[in-house]
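Written out below as C-alpha cells is the structure these notes cover.
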There are 2 protein chains.
Amino acid sequence: MADAPREREESLDVIQRELTAFARRARSAAARLHPDLPLVSYTLLAHIDHRHGCRATDLAAHYMLDKSTVSRQVAALEKLGLVERHPDPDDQRIQVLHPTAAGTKALASTQASRRAAYRERLGTWTSDDLEQFAEYLLRYNAAGEDSPPQ
Amino acid sequence: MADAPREREESLDVIQRELTAFARRARSAAARLHPDLPLVSYTLLAHIDHRHGCRATDLAAHYMLDKSTVSRQVAALEKLGLVERHPDPDDQRIQVLHPTAAGTKALASTQASRRAAYRERLGTWTSDDLEQFAEYLLRYNAAGEDSPPQ
DNA sequence: TACACTCGTTGTACCATACAACTAAAGTTC
DNA sequence: GAACTTTAGTTGTATGGTACAACGAGTGTA
C-alpha cells in the first residue's frame, strides 16, 4: 500500500514537517508546564536523574550542546540547590552529578504535571498505538545518536 | 500485550523523554542542515510556502510564538529578499506573506539537503513504518493545535 | 461618535547557545 | 620522567530567539 517511492517521500516530508513543528512549539509548551524551572535545566535534571548520575560531558553529548552551555546550566541547577557535584576519586577531572533531595522532589512534581498533560493529550490513543509510537521515537532518536558533528 | 495501565504509563514516559530529547537536539541539527539560513526563519519560510501564503498571525499561532517574534523574523526574511508582503486590499491591517523567487529557490535547495538527511537516517525503515510514524506525528501535533494558552 | 478588537511594530530585557581561550588532571611517547 | 597530547570543565564574549509591554493603525459595533 505504501511501497511506491513517491509515497515514501511524502511520508518523509510529513515526518520532517511535523517534527519541526513540534520542536518549534516545544519551548512554549515547556514554559507552560513548568514556569518555575528554567526550562532547559529541567531537561538536564531529568536526564541526570534518569541516568542515576552522570557527567556534564554526557549531557553535552546527549543533547548535542556545547560544554560551556552545559557548564552554565549545571551551575544554575547547583545554585538552585537541585544538583550536587561529587568529584570522582579515580579521576579528579570528572564531576559526577546527582540530583539533591530537593532536585528529586522538584522533578517529581514537574513530572506529575507533565504526565498529566501527556495523559490528557494522548488519552484517546490505544495502548498499542502508544507503544508503537514510543518505539518509533526511540528508533528515530537512536539513529541520530551518533550522527557525525558534520 | 500493552493493555495494562502500567505499560501505558511507561509508553507515555518514553514518548515524553524522546520527544524532549529530539526537541533539544533540533537546534544543533538544524544549524548543521542549513548554516546559511537563520534557522527559525527557514521554518517560517517553509510554512509560508506550504500554505501558499499566509499572515504573520497564522505563523504565530501555528508555532506558538509571540507576534513580536514573528514580526522580527519576517522582517529578517524580507531583508534577505526571501519573502514579500502584500497588503490585503480588503483589510489594510493584514499583510499576506509570500516567498519570492529567491525564497522558493533557497527553500528548494535547503529542502533537498534536508530530505537527503532524513532519507539517510530513515533509510532502513519500511514504507509502512514511515507512513505509520508520519500518521502518529500528525495525530500528536493535531491534538496540541488548539491547546489552551494556559 | 465612542469603544472594543485585531494586526502588526518597536523598546527592552532575558535566556540559551556557540566559539574561543584558558586551567587542570590524565594519559602517552620517547 | 620530561614533553606532548587528550579530556573535563570554566569563563569571556557575542549573538540569536524569545516574551512582555506599550503603542499605532485599521476595522467593526453599540
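By convention in this document, chain letters (A, B, ...) are assigned in the order of the sequence lines, proteins followed by strands, and residues within each chain are numbered from 1.
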* Produce a footprint string for nucleotides 19-30 of chain D: one letter per nucleotide, 5' end first; B if the base is under 4.0 Å from any protein heavy atom, S if only the sugar-phosphate is, - if neither. => BBB----BS---
* Calculate the interatomic distance between A:Gln95 atom CD and D:dT7 atom P; express it in whole Å. => 18 Å
* To do: Run the salt-bridge test on A:Asp129 and B:Arg139 with the 4.0 Å N-O cut-off and return the result as yes or no.
  => yes
* Residues in side chain to side chain donor-acceptor pair (under 3.5 Å) with B:Glu10, at least two apart? -> B:Arg6
* Structure fact -> From CG of A:Leu97 across to C1' of D:dT10 the rounded distance in Å is 14 Å
* Structure fact -> Partner of A:Tyr136 under ring-ring contact (aromatic ring centres under 6.0 Å, His included), picked from B:Tyr140, B:Trp125, B:Phe22, is B:Trp125
* To do: Answer yes when A:Glu131 and B:Arg8 have at least one side-chain N-carboxylate O distance shorter than 4.0 Å, and no when they do not.
  => no
* Asked: Is there a side-chain contact between B:Leu97 and B:Leu59, using heavy atoms and a 4.5 Å cut-off?
  -> yes
* Nearest-nucleotide 5' precedence on DNA chain D, A:Arg24 against A:Val96 -> A:Val96
* **Full working for side-chain contact (heavy atoms from CB on, under 4.5 Å) between B:Arg32 and A:Met64** => CA-CA 11 Å; B:Arg32 261 187 292 129; A:Met64 295 185 188; 3.8 Å; yes
* Please find the earliest and latest nucleotides of DNA chain C, in the 5' to 3' direction, that have an atom within less than 4.0 Å of any heavy atom of chain A. => C:dA16 to C:dA26
* Whole-Å distance separating the CD1 atom of A:Ile94 from the C1' atom of D:dT6 -> 13 Å
* **Atom-to-atom span, NE2 of A:His86 to P of D:dG9 - whole angstrom** => 14 Å
* Verdict with reasoning, A:Asp66 to A:Ser68, per side-chain hydrogen bond (donor to acceptor under 3.5 Å, both in side chains) -> CA-CA 5 Å; A:Asp66 191 79; A:Ser68 65; 2.6 Å; yes
* Are B:Val96 and B:Ile48 grouped together when hydrophobic residues (ILVMFWY) are joined by side-chain heavy atoms under 4.5 angstrom apart? -> no
* Let me know the distance between CG of A:Leu59 and P of D:dA8, rounded to the nearest Å. => 13 Å
